[in-house]
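Right, one structure below, let's go through it.
Naming convention: chains lettered A, B, ... in sequence-line order (proteins, then strands); numbering from 1 in each chain.
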Amino acid sequence: MDAAQTAALHESVLAWYDEHARDLPWRGLDATPWSVMVSELMLQQTPVVRVLPVHAAWLERWPTPADLAAETTGEAVRMWGRLGYPRRALRLHAAATAIVERHGGEVPSSYDDLLALPGVGDYTASAIASFAFGKRHVVLDTNVRRVLARAVTGVEFPSTAVTRAERDVATALLPDDEATAATWAVATMELGALVCTARQPACDACPVAGLCAWRAAGHPAYDGPPRRGQAWAGTDRQCRGRILALARDADVVTAAQVEAAWPGAEQRERCLAGLVADGLLTQITPGRWALPG
DNA sequence: CATCCGTGGCC
DNA sequence: TGGCCAAGGAT
């Protein structure tokens, strides 16, 4: 993609975002870095509509990292509700503690400091630095990867893992100006979330349809390696979810309740032990468990 | 690098 | 109906 095409791509996406961006709470002018950080952890593998109410309740109860750090991890897990992957609640709590200990209670602004926090990987560190602090970073999430795969590379879906070539493409497209780069990051994500979707891309409504390599090639079908879906029925994840749901909804969970929730004894015991090992559950007395206090 | 880790909605 | 997907991270 040459300089003129890159400029056209920037202009089209940024103009589209200016017009169509959703008014999400963590994007408001009054949104704190902590609000942005909480949203990013919650949004990992979780749809926006499900995050909205939990994010609001979370910020209401714990407006700063110090507020959360002063709480028990069990309360964080309970507040997490049914967002899924509850270890994220533990990581957010641990991150809040680290922020208090290492950063005076303020969410750090540098990529490296963010990356060092629990639950913060490359994507989340880049996203917080970019969205909360206006810094210039390549923000490669599933949406951006799909947009670039289609518009630039001309394939329907990106590879399973981020490749060097893919990162090079994203880096080459990142606007030089810091503020513009930050807007570009959120704008390309939004385009992937609202228009260039995985299942039914709305090419008719796409601001870069005229520049899209995948569309120009006639929307060739994906021909890469099969993208494995995650099994669910009968897995440890389902079993763990059942058990933890009991603990969220009560002060104490008994062995009888756990047995009623999952028939297989071996798997049940393994998952129970796993939840305790992960810090999601505490054994109070033999046969009785609760969220960590 | 492959696998594990929740949950719910959609076509 | 069930596979697929949703702002990934840790190991």
Side-chain angles (χ1 to χ4, degrees), chain A residues 17 21-22 24-27 31 35-55 77 80-92 94-95 114-132 137-148 156-164 170 182 185-194 196-201 222 225-248 261-262 267 270-271 274-275 277-281:
Chain A
Y17 182 72
R22 287 170 293 180
L24 301 172
W26 45 86
R27 283 184 187 161
S35 174
V36 173
M37 180 170 176
V38 171
S39 79
E40 289 304 334
L41 269 288
M42 289 183 173
L43 286 164
Q44 291 168 0
Q45 300 286 283
T46 307
V48 168
V49 289
R50 217 176 310 163
V51 165
L52 286 169
V54 182
H55 178 269
V77 171
W80 196 256
R82 306 186 67 80
L83 283 184
Y85 293 143
R87 292 193 291 192
R88 292 182 293 165
L90 296 180
R91 291 172 186 156
L92 188 49
L114 289 163
L115 188 62
L117 297 173
V120 179
D122 169 70
Y123 160 75
T124 303
S126 302
I128 297 172
S130 182
F131 304 157
H137 286 282
V138 169
V139 180
L140 264 188
D141 82 319
T142 187
N143 290 304
V144 175
R145 295 190 64 212
R146 190 173 54 249
V147 168
L148 297 186
E156 186 176 13
F157 295 115
S159 56
T160 305
V162 177
T163 64
R164 175 58 190 269
V186 70
T188 46
M189 282 180 62
E190 191 78 335
L191 186 64
L194 298 183
C196 193
T197 57
R199 290 169 174 142
Q200 285 198 315
Y222 175 77
R227 301 181 300 148
R228 295 199 169 282
Q230 307 174 11
W232 173 246
T235 60
D236 282 8
R237 274 164 45 237
Q238 185 184 29
C239 180
R240 287 165 57 106
R242 289 256 185 95
I243 297 171
L244 201 60
L246 294 175
R248 276 197 306 265
W262 197 265
Q267 188 175 27
R270 178 174 69 244
C271 289
L275 288 168
D278 288 346
L280 286 165
L281 220 50

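Phosphate proximity of dG6(B) to R82(A): absent, as no side-chain N or O sits under 4.0 Å from OP1 or OP2.
Straight-line distance between the P atoms of dC1(B) and dA6(C): roughly 23 Å, to the nearest whole Å. The separation of dA2(B) from dA7(C), taken at their C1' atoms, amounts to 23 Å, rounded to a whole angstrom. Atom P of dG6(B) sits at a distance of 14 Å from the matching atom of dT11(C), rounded to the whole Å.
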(request) Using a 4.0 Å heavy-atom cut-off, write out nucleotides 4-11 of chain C from 5' to 3' as B (base contacted by protein), S (sugar-phosphate only) or - (no contact). (result) BSBBBSS-
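Residues T124(A) and G119(A) approach most closely at OG1-O, 4.4 Å, considering heavy atoms. The heavy-atom pair separating R50(A) from L83(A) by the smallest distance is O-CD2, 3.4 Å. The nearest pair of heavy atoms linking R146(A) to G192(A) is NH2-O, 2.8 Å.
Separating the CD1 atom of I243(A) from the C1' atom of dT7(B) is a distance of 16 Å, rounded to the nearest angstrom. Atom P of nucleotide dC10(B) and atom CD of Q200(A) are separated by 13 Å, given to the nearest angstrom. If you measure from atom CG of D278(A) to atom P of dC5(B), you get 9 Å, rounded to the nearest angstrom. Residue W232(A) contributes atom CH2, which lies 14 Å from atom P of dC4(B) at whole-angstrom precision.
In this structure, the side chains of W26(A) and V48(A) come closer than 4.5 Å at one or more pairs of heavy atoms.
Under 3.5 Å, the side chains of R237(A) and Q230(A) contain a donor-acceptor pair of N or O atoms.
Sequence order on DNA chain B of the closest nucleotides to L83(A) and T160(A) puts T160(A) first from the 5' end.
Exactly one of Q44(A), H137(A), E40(A) qualifies for a side-chain hydrogen bond (donor to acceptor under 3.5 Å, both in side chains) with Y123(A). That residue is E40(A).
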